[in-house]
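Each chain gets a letter, A, B and so on, in the order its sequence line appears, and its residues count up from 1.
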Amino acid sequence: MDYPFRDLEARARKRWDEERLFELRDPMAPARRFYCLNMFPYPSGDLHVGHGRNYILGDAIARLKMMQGYAVLAPMGWDAFGLPAENAAIANRIHPSVWTKRNVARMKDQLQAWGAAFDWNRELSSCDPEYYRWTQWIFLKLHERGLAYRAKGAVNWCPSCQTVLANEQVVDGACERCGTPVESRDLEQWYFKITAYAEPLLRDLDHLQHWPEKVRLMQANWIGRSEGATIRFPVPGDADPIEVFTTRPDTLLGATFLALAAEHPFVTGLRERGALSAGAEAFVDRLKRARVENRFAVETEKEGFDTGVTVTHPLTGKPLPVWIANYVLMGYGTGAIMAVPGHDQRDFEFATKHGLPIVEVIRPEGEPGFDGAAAYEGEGRLVNSGGFDGLPSEAGRRAITEALHAKGAGESRVNYRLRDWLISRQRYWGAPIPMIRCDRCGIVPVPEKDLPVLLPDQVEFKPTGESPLLSNEEFLRVDCPKCGAAARRETDTMDTFVDSSWYFLRFLNPRLETAPFESDAVNRWLPVNQYIGGVEHAILHLLYSRFIVKVLRDLGLVSFPEPFERLFTQGMITKDGAKMSKSKGNVVPPDALIQRYGADTVRLYTLFIGPPEKDAEWNDRGVEGAYRFLTKYWRLITDVAALQSDRGGADAAGPWAESGPARDLRRRVHQLTHQICDDMDRFHLNTAVSGLMQIVNAVQDYQAAGGDMNAAEVWEAADYATRLLGPLAPHTAEGAWARLGHAESVVKAPWPAPSAEALESPTKKLVVQVNGKLRSEITVPADADQDAIRKAALSDERVARMVEGKTVAKVIIVPGRLVNVVAR
RNA sequence: GCGAGAGUGGCGGAACUGGCAGACGCGCGGGACUUAGGAUCCCGUGGGGAAACUCGUGGGGGUUCGACUCCCCCCUCUCGCACCA
C-alpha cells in the first residue's frame, strides 16, 4: 500500500490525544477566541455520511481557526431525551437510559472515526440529572417571571405518540415525528410565553447578518407580524362581545356578518347552554373531524352554518348574523372574523354560496374595483361608509379605528401568528416539570434546593400511552413545599426542545454544580461564532434558543441578546435522489468506506461533493477520486522528504529561482494558496479541495516537464500543501508534516499566506477578443502601457486577419485581463 | 395562492464585484507498463465540421465593446408557509 492511511490515522490520533491538542484548559485566558459548534445530535444509533457532512464541515472550520491562532472551543454533546428511546423501551423491553447510553457510545465511536477535533472533556448529555437539573431550574426562572404558565385550550394531540405537540411540531397537519394525523383536544398544558418576545425575536433578526437569508425569512414568517385593529361586536343579552382582528378596519362598514371557528369559545358556550341547534352541533363536530382528515386539501369548499345569533355593528348599530365557518382558524387572531365579502375573496365566496349580502365600501381610482364577480382586495377611497366616505384606505383605517376607540369598541393592534410554546409532554423520557399539585395551595414550584426532580428508574412501560411516571407511587407522592400536606408531583415532562435551547451555554463549564453556566465565561465566549446544523431546525430549535437567551438576558444572567452569531445550514446528502433513510434502504454508512479508504478520503470527498450549503448526491465512485488524490499527495511528500531530507523542517525560504519552471511553479502555488485561503474563509470547501488538487498537479506537471525536484520551490509547495490540507485531511497532513521534519503538530503550524513577491510576474498574458469573441492571446510585459498593449493586440496575426477590410472603431483594454478590438 | 432559491457537458460541479464558459473530480475513449488489470502513469474528452470556422449556460426579448452574471416576459424544478382575516 503506497498510502498508509491506517498507520497515519493511528499515529495522528495518538498524538492529538497525548498532546491534548483539542482541550480548552482555561476559558478565561485566551485573547483570540472562536466558539465553533455543531448542533448536538439525538443519539438515534447509527450515523450516515449525510450526518458526517455536518461534523466534517465544523471540524474543518475549527481546525482552520486553530491554525489561524485562535483558542477554539469545539465541544460535543447529546440531545439525549426523546421519544425513540421510550418507544424502544416499549418494543424491546430495554430501559431508555440503557438504550440511550448504548447509542451514545456507538455514535461517539463514529464521530471519532471521522477524526473530529472535539474537546471530549466537555461532553454533556441532556438526560444526565446534572444537566436536566438546570433545565428544571430554567423552567422555575421562567415560572417566576410569569413566562411559564398552565392553561387549558385546544391542543395538537398525536394519537400515535400519545402526547401533545407544539404548533411548530405539526407539519401538514401531521406529527413531525411519526406522520400520524394530529387531533385537536381540549387539555390543560404547560406553556412558555414566547409570544411576549415576539417583537424582539422579529426585530433582532435584522442583526443576524451572518445567518442565511432563508432562515431569517422563515422565522419572520413564522412570527407573522401584522398590523390592524381589534373590534368588538356586542352580543345583545350577553355581557361579552365577540372580538375580531382585522388588518382592514377601513372596510368595517362593508362587514355583513361574523364568521367563527368551530372551536371558538362563543360556539362552545352556545352549545353548553343548549342554544345551538342540532344541525349546528353536528356541523361543528364534522368540522373538527374534517380538519384532521383534509389536512392536505389546498382549497376546500367554503362551508358554514348560521348560529341564529346576531351581534350589533359597533358603528351602525345594525344586526349582523353570526356564522360558524370552516375557513376561520382558531389558531390565528381571535378565531373570529368580520366578513367583508366585497373586499375579501374568501368572504365573497362564502357570502355568494350562502346568500349573504355584499356591500362595496372601497373604490379604487382609475381602475376597475368591485365588479360583483370577485372581491376587490386592493385599496382605494371609502364609499357607502357614511361619514367616512371619500377617505383613502390609509386614512380610513385611522379614522375608523379612532371612532371605535372613542366608543370603547376597538383599538389598533399588532397581531402575531406566533403562538405560545406548549412544552409539556405526557411521556417519561424527558426532564420532569418541577411542579407540585397541592389540594390546598394549588400548583406550587419545587424549591430550587430540591432540584433535580429525578426521573425514577422503576417505572412500567406500557403501550397505552399513559405516562409511565403515573405508575411510580414513590415519585408521585410528595409533601407540599408550602403547607407540608400530602401532595402530588406533576407527571408531565418537558419538550426536548427545552433541553436543547440552552446547552450551548453549559459547555463552558459542563460540570458546574452551583449554576447552569458560568456567566463570566459565557459572556466571554458567546455568542457562538459559528453554528452549524441542518436547515430543518430553522424554526424550532433556533427560535426557541433565541427566546431562552433573551429571557436569560432579561434575568441578568447573560449579556448578549442572541446565541448564534453566524449560522451555517449545510445541505443534505442524497442517495438515488432521495434523503437517506432506513426505510428507503439508501443509507450510506461511513464505517466500511473509512475501513477501505481511510477517514481522510471520506472527509475530502464529503467536502468536495459540492457547495456545502446545497444538497448533493453521493457517488461511491467519487470517493475513489479523493483516494487517488491523497495517494498522489502522499507520494509527493515522501519523495520530497526523501530527496530533501537535509532541510529538516526548515521554513521554506529559498533561494528562489528568478525565472524558469521553478519560478512559475512558485507563482502557481502562491496563487492557489491565495484562492484556497479565500475559499476556506467563505466556506467554499469544495473549491478549496479542488485548489489543493491543483497544487499537487502543478508539482507533477513540473516534474514531468523535467523540473528539478531538489528545488526550494518544490519543498515550499509540499510545505504549503500540507498546511492547507491540515483542516481538511488532518491525519494525512499530520503524518506529512512530520515527514517534512517538523517536531510540532500541524495543528500548531501557522496557516500559510501567499506572498506578494511570489505572485509577481514580469509578463502578463492577455486574452484578445475581436467584437467580443475570443480570437487570440498575447503576452506583454507586466508594465506595458495601454498603447503598447493596443499595438501588440493589433499586430497579432490572427487579430490582423479578423480585422482585415474593417475599420477598428475602438480598442477596450481591461488591465490584466483582456483586450477587445471593436471593428466594423 | 404567497414567499425564497435553483436551472451550465454523460454526471457532481467551477467561473470573486459583467471580461478566456466548462476549473477540479467522476465517467468515457486511446495509449504505456504488464501473464493479467477493476492498480498505476501519459494523452484526449461540450455539440457540429476535414479544416477555416460555427453553435452553445431552461426559452424569448433587451442593455453593453462584451452577459452564466444586469433588466423585462415566459417555462420547469426544489424548499418554506399555506383559507393568517
Tell me which nucleotide among [options] gets nearest to the side chain of [X].
X	options	answer
A/Y327	B/C83, B/G25, B/A21	B/C83
A/V328	B/A85, B/G66, B/A39	B/A85
A/W222	B/C83, B/A21, B/C81	B/C81
A/S226	B/C20, B/A85, B/A23	B/A85

* Are A/K773 and B/G56 close enough that a side-chain N or O sits under 4.0 Å from OP1 or OP2? -> no
Under 3.5 Å, N/O pairs linking protein and nucleotides 9-13 of chain B:
residue : atom : partner : partner atom : Å
B/G12   : O2'  : A/I609  : O            : 2.7

* Pairing stems for RNA chain B [at least three consecutive pairs; Watson-Crick or G-U; under 3.5 angstrom] -> B:1-7 with B:75-81, B:10-12 with B:24-26, B:27-32 with B:40-45, B:46-48 with B:53-55, B:58-62 with B:70-74
* **Test item: side-chain donor near acceptor, A/T230 and A/E411, under 3.5 Å** => yes
Looking only at atom [atom1], what distance separates [N] and [M], rounded to whole Å?
N	M	atom1	answer
B/A85	B/C72	C1'	34 Å
B/U45	B/C77	C1'	29 Å
B/G9	B/G60	C1'	24 Å
B/C26	B/U40	P	10 Å

All N/O contacts under 3.5 Å from nucleotides 48-53 of chain B to the protein, with atom names and distances to one decimal?
none

* Applying ring-ring contact (aromatic ring centres under 6.0 Å, His included) between A/H354 and each of A/W323, A/F305, A/F257, report the one that passes. => A/W323
